[in-house]
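We count ligands from 1, going down the list as the structure has it; atoms in each ligand are counted the same way.
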Amino acid sequence: MTVIDGRAISASIRNEIKAEVAKMKERGPVPGLAVIIVGDDPASKVYVRNKGRACEEAGIYSEIIELPEKTEQGELLGIIDKLNARAGINGILVQLPLPRHIDEKAVTARILPEKDVDSFCDENVGKVAVGAPRFLPCTPAGVMELLHRSGACIEGCECVVIGRSNIVGKPMAMMLLKENGTVTVCHSKTKNLIEHTRRADILVSAIGKPKFITGEMIKPGAVVIDVGINRTPDGKICGDVDFDSAAKVASMITPVPGGVGPMTITMLLKNTITAAKLQNDTNV
Ligand code: GUN
């Protein structure tokens, strides 16, 4: 049984990214990313700080725009318009969730598709769905990198995704399908979940239920990818998968923390580079 080391894989991709940014700097401007956060959600603040730090380490220019909870939607849209128009900003990300009085859909739709490094707008979601992506959504893209770099078989294999969110489950299914996996998407209304999970050669869980997936739900030899980041009552971080029982059955498994988590920001850096290349019209 192999524990897939997301921190190590992420570090090696970030080294590749750093080298690429250094090369871009010789020829022109470095890529630039703007991250907007509205309000004081503690988890979001940590994520945003980590995104800024990761940019700095990679040599990518970044701006973090912190707005108060009571910011009006119109003001936020105005800020996005200004960032859309700035040549030095190649990627724009609005950290979710937003306060309730702001319409997330309207906000993500305002970002120019060419700068939508989250790949959240309809045009970019559509491009992923037809198999011609501009940007790959960061979390499922991170999962694909883990699968590739761990040598997992996707083509012709049974891939079961649990969760159907727009951020993870749906694009995950599209990306596995593109690589010729036989994909099933399960969700909260799925009957006999265990019958699906037990068939999976690759099982991806993105449901947000601590330790929900146990060893008995896993096919012997399966690759188990845990996208969940949950907090137990005693404040510890744990995944959707009960690691100890799952590790006895799986051939490969991602831990939480240290599995998928570190990959998400790495894929954001990659998308920011892609955005800069597309906008500066160099080879992608
Ligand atoms: N909140 C949780 N995950 C994400 C993400 O991938 N992007 C953004 N913008 N917000 C998030």
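- By the 4.0 Å N-to-carboxylate-O rule, Glu63 lies close enough to Arg86 to be salt-bridged with it.
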For residues 29-42, dump all side-chain donor-acceptor pairs below 3.5 Å to protein atoms at least two apart in sequence or in another chain.
residue: Asp41; atom: OD2; partner: Ser44; partner atom: N; Å: 2.9
residue: Asp41; atom: OD2; partner: Ser44; partner atom: OG; Å: 2.9

Hey, can you pull the donor-acceptor pairs under 3.5 Å for the side chains in residues 141-165, sequence neighbours left out?
residue: Glu145; atom: OE1; partner: Arg149; partner atom: NE; Å: 2.9
residue: Glu145; atom: OE2; partner: Lys270; partner atom: NZ; Å: 2.9
residue: His148; atom: ND1; partner: Met144; partner atom: O; Å: 3.2
residue: His148; atom: NE2; partner: Glu179; partner atom: OE1; Å: 2.7
residue: His148; atom: NE2; partner: Glu179; partner atom: OE2; Å: 3.1
residue: Arg149; atom: NH1; partner: Glu16; partner atom: OE2; Å: 3.1
residue: Arg149; atom: NH2; partner: Glu16; partner atom: OE1; Å: 3.3
residue: Ser150; atom: OG; partner: Leu146; partner atom: O; Å: 2.6
residue: Glu155; atom: OE1; partner: Asn180; partner atom: ND2; Å: 3.2
residue: Glu158; atom: OE1; partner: Arg199; partner atom: NH1; Å: 2.8
residue: Arg164; atom: NH2; partner: His187; partner atom: ND1; Å: 3.4
residue: Ser165; atom: OG; partner: Val168; partner atom: N; Å: 2.9
residue: Ser165; atom: OG; partner: Gly169; partner atom: N; Å: 3.4

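- Lys211 pairs by the side-chain contact (heavy atoms from CB on, under 4.5 Å) definition with Cys238, Asp242, not counting sequence neighbours.
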What are the polar N/O contacts of ligand 1 with the protein below 3.5 Å, with distances?
residue: ligand 1; atom: 1 (N); partner: Gln95; partner atom: NE2; Å: 3.3
residue: ligand 1; atom: 1 (N); partner: Leu96; partner atom: O; Å: 3.0
residue: ligand 1; atom: 7 (N); partner: Asp118; partner atom: OD1; Å: 3.1
residue: ligand 1; atom: 7 (N); partner: Asp118; partner atom: OD2; Å: 3.3
residue: ligand 1; atom: 9 (N); partner: Val94; partner atom: O; Å: 2.9
residue: ligand 1; atom: 9 (N); partner: Asp118; partner atom: OD2; Å: 2.6
residue: ligand 1; atom: 10 (N); partner: Leu96; partner atom: N; Å: 3.0

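- Between Arg14 and Glu20 no salt bridge is recorded (no basic side-chain N to carboxylate O distance below 4.0 Å).
- Not one N or O on the side chain of Asn124 forms a donor-acceptor pair closer than 3.5 Å with the backbone of Phe120.
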